[in-house]
Colleague: 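Sharing a structure with you now.
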Amino acid sequence: MLEVTSLSKHFGGVRAVDELDFTVEAGEIFGLIGPNGSGKSTTVNMIAGIFAPTDGKIFFDGEDITEAPPHVTLHAGIARTFQNIRLFNNMTVWENLWVAQNSAEQKRTGNPLARWMGGSRRAAAAVEEYLDFSNLAHKRDELAGNLAFGEQRRLEVARALAAQPKFLLLDEPAAGMNLEEVKELDERLRVLRDRGVTILLVEHVMELVMEVTDRIAVLNFGRKIAEGTPAEVQQNQAVMDAYLGAGEGGSDA
Amino acid sequence: MDDFTWGLVQIVGVHTILGLSAYVILLTGQVSMAQAGFVAIGAYVAGMLTVLAEWHIIPSMITGGLAAAVLACIVGFPALRVRGLMLVVATIAFGEFVRLFWFNFDYRIAKGDIIVGPEGGEGFKQIRFFPENGWTTQDVAAFIWIVAAIILATLWWMDRSRAGKVLRAVGEDEMAAQSVGINLTVVKVSAFTAGGFIAGIAGALYAHYTTHIEHLNFDILMATFAIAYPILGGLANVWGTLFAAIFIQVIVIEVLRDLGDVRNLMFGALIILVMNFLPRGLFSAQVVRKLREWTGLGKTSDA
């Protein structure tokens, strides 16, 4: 479904991502892990269209989206969350979802002016569904900026879902969550997969990654050092070295 | 009410429209100091149409608005590449460019035994559509406020629609807005175009109630007023801009007229105070929410 081939991003002399290849199959939860600074977020930002790659290609559903800007990748069916939460803080929870649903609504109605109209009943009902799914229904009139941290993370995932994506890019959705919240997130991700949403999960919280993913790719210094099932990756010597050894520091695992 | 008071009603109406023109653009997080330039275009174009082409005020006003909108759309594209302080500088430069264009613009024709039309630095005199057609001061004031009401109502409706949320989303966080599928180019340029159109309308009304315009009317002070109203009133809704225009023009400028230049000082101090203590304006979402909680009025609705 998502195919990344020899993807590279250089910032000056720094090879943030170097000749990266991986393929995410439809319907799976694919983990992308690695020590801090290994190029995970850069990869996400290239897929989402924030950065143009220095080299390499990104295909989604067979279509080349390498150069597509963020709003185009979203329309293709890829929605995302951010490592450091980016909500519309001075809009309510409900409005955050309503505005994000805009593009799905345009696609459904085939009407580019759907955004100029008030919400149809059906659109409003869909927003309620995302609120319920994310357990935020009681906060709908709260300003997003006033939510607790865990709630903001949930809202960000809900906002990505409001665009009705086929593919979800989650950049460290469990960061800063307590174990109970991580467990809830785990359940939600499984529900989403069962609904047919493919997920690319960038995450440091190993309890989540090892539990929920089908396959994992491990990055270090911008290069892929291992790929396989969670069990395979855990046994991999190169992975253990990357996380524990070489004095690289910043290991969160 | 005497003519002076009616004159004040006219001024407040035009300034409300001026503030709304900046409000639309500010919603997307862009500060435009070019509003006075758009006002000038609307004023001169509409003035020439009623005086030289002898059109009615309404089509002239709309044409003036459209002319300003076209320019605003063209300005909107480079505005995509610069933001923050650089956008302020770029739009100031554009405003000055427009002002100096009119300073050098001379196009007069003989109409009966007088010569009319813009006369460069001397200004554009005798824009006498209203007196020639027997409109009283009250008629003009009513006309201005009908136009202001239509613009207020349109923007109020837009704010509540998804379009309003799209503009606000861009103003809140551009990267997040893109990630939910919003095309920044379309939204920012649309906001500039709409803001230009509204400013052009304000200019057309301004030219006709004063009957005499010159390039100096459209200086940096007018551009400052344009953004001051929505900044003071806050971006929670259009009423903040309306109240701020009334407050500044009636209280600060007229009631305190005896204070002379001290008023300019107060105007500046007011902006500094509001930006420090109520950075989202006197009528921000947070303040409105607090007021609602205290009074129990106007529960927020979902649609």
Side-chain angles (χ1 to χ4, degrees), chain A residues 45 48-50 69-82 85-92 94-107 112-121 123-124 127-128 131 140-146 156 159-160 162-165 169, chain B residues 24 26-29 80 154-191 194 234-237 240 278-281 283-290 292-293 298-303:
Chain A
N45 281 332
I50 305 267
H71 67 271
V72 175
T73 60
L74 185 105
H75 284 274
I78 302 177
R80 70 166 300 182
T81 65
F82 292 89
I85 307 171
R86 283 174 170 267
L87 291 168
F88 306 124
N89 285 328
N90 287 291
M91 288 161 60
T92 67
W94 197 90
E95 288 168 348
N96 266 271
L97 298 180
W98 198 42
V99 74
Q101 196 200 16
N102 194 18
S103 82
E105 197 66 359
Q106 283 177 39
K107 207 183 276 177
L113 290 181
R115 69 171 66 183
W116 300 109
M117 299 170 192
S120 68
R121 226 165 251 290
V127 171
E128 293 303 321
L131 282 175
R140 63 158 63 75
D141 292 329
E142 203 75 42
L143 294 182
N146 293 347
E156 220 195 10
R159 187 181 65 183
Q164 295 181 7
L169 283 168
Chain B
V24 183
L26 271 172
L27 281 184
T28 64
L80 289 168
T154 309
L155 292 183
W156 179 82
W157 171 80
M158 182 215 68
D159 252 346
R160 295 178 64 85
S161 78
R162 217 190 288 250
K165 306 302 175 218
V166 168
L167 292 183
R168 281 170 196 278
V170 172
E172 291 263 331
D173 187 330
E174 290 186 4
M175 200 187 276
Q178 283 183 294
S179 80
V180 298
I182 294 171
N183 184 335
L184 287 188
T185 308
V186 169
V187 172
K188 285 181 157 188
V189 173
S190 303
L235 297 175
N237 54 48
L278 294 166
R280 302 197 69 83
F283 303 93
S284 67
Q286 312 268 4
V287 175
V288 168
R289 190 162 287 263
K290 279 262 156 55
R292 274 181 178 154
E293 277 168 18
K299 283 258 174 247
T300 41
S301 70
D302 284 347

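Numbered from 1 within each chain, the chains take letters A, B, ... in sequence-line order. All heavy atoms count here, side chains included; hydrogens, waters and symmetry mates do not.
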Colleague: Quick check on A/Thr92 against chain B: is it the side chain, the backbone, both or neither that has a heavy atom closer than 4.5 Å?
Modeller: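 For A/Thr92, the contact with chain B is made by the side chain alone.
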Colleague: Would you please name every residue forming a salt bridge (charged side-chain N to carboxylate O under 4.0 Å, His left out) with B/Glu174, sequence neighbours left out?
Modeller: B/Arg83, B/Lys188
Colleague: Please state whether the side chain, the backbone, both or neither of A/Ala100 comes within less than 4.5 Å of a heavy atom of chain B.
Modeller: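 For A/Ala100, the contact with chain B is made by backbone and side chain together.
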Colleague: List the atom of B/Ile182, the atom of A/His71, and the distance in Å for their closest heavy-atom pair.
Modeller: O-CB, 3.5 Å
Colleague: Between B/Glu172 (side chain only) and A/Asn89 (backbone N and O only), is there a donor and an acceptor less than 3.5 Å apart?
Modeller: yes
Colleague: Look up atom CG in B/Asp173 and atom CE in A/Met91, then write down how far apart they are to the nearest 0.5 Å.
Modeller: 11.0 Å
Colleague: Between A/Glu95 (side chain only) and B/Lys165 (backbone N and O only), is there a donor and an acceptor less than 3.5 Å apart?
Modeller: no
Colleague: Nearest 0.5 Å, please: how far is CZ in B/Arg168 from CG in A/Asn90?
Modeller: 9.5 Å
Colleague: Kindly give the heavy-atom pair with the smallest separation between B/Gly181 and A/His75, and that separation in Å.
Modeller: O-NE2, 3.3 Å
Colleague: Among A/Leu169, A/Ile78, A/Val99, which residue forms the greatest number of heavy-atom pairs with chain B at distances under 4.5 Å?
Modeller: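 When all of A/Leu169, A/Ile78, A/Val99 are compared, A/Val99 has the most.
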Colleague: On a heavy-atom basis, which atom in A/Pro70 and which in B/Ser179 lie closest, and how many Å separate them?
Modeller: CB-N, 4.5 Å
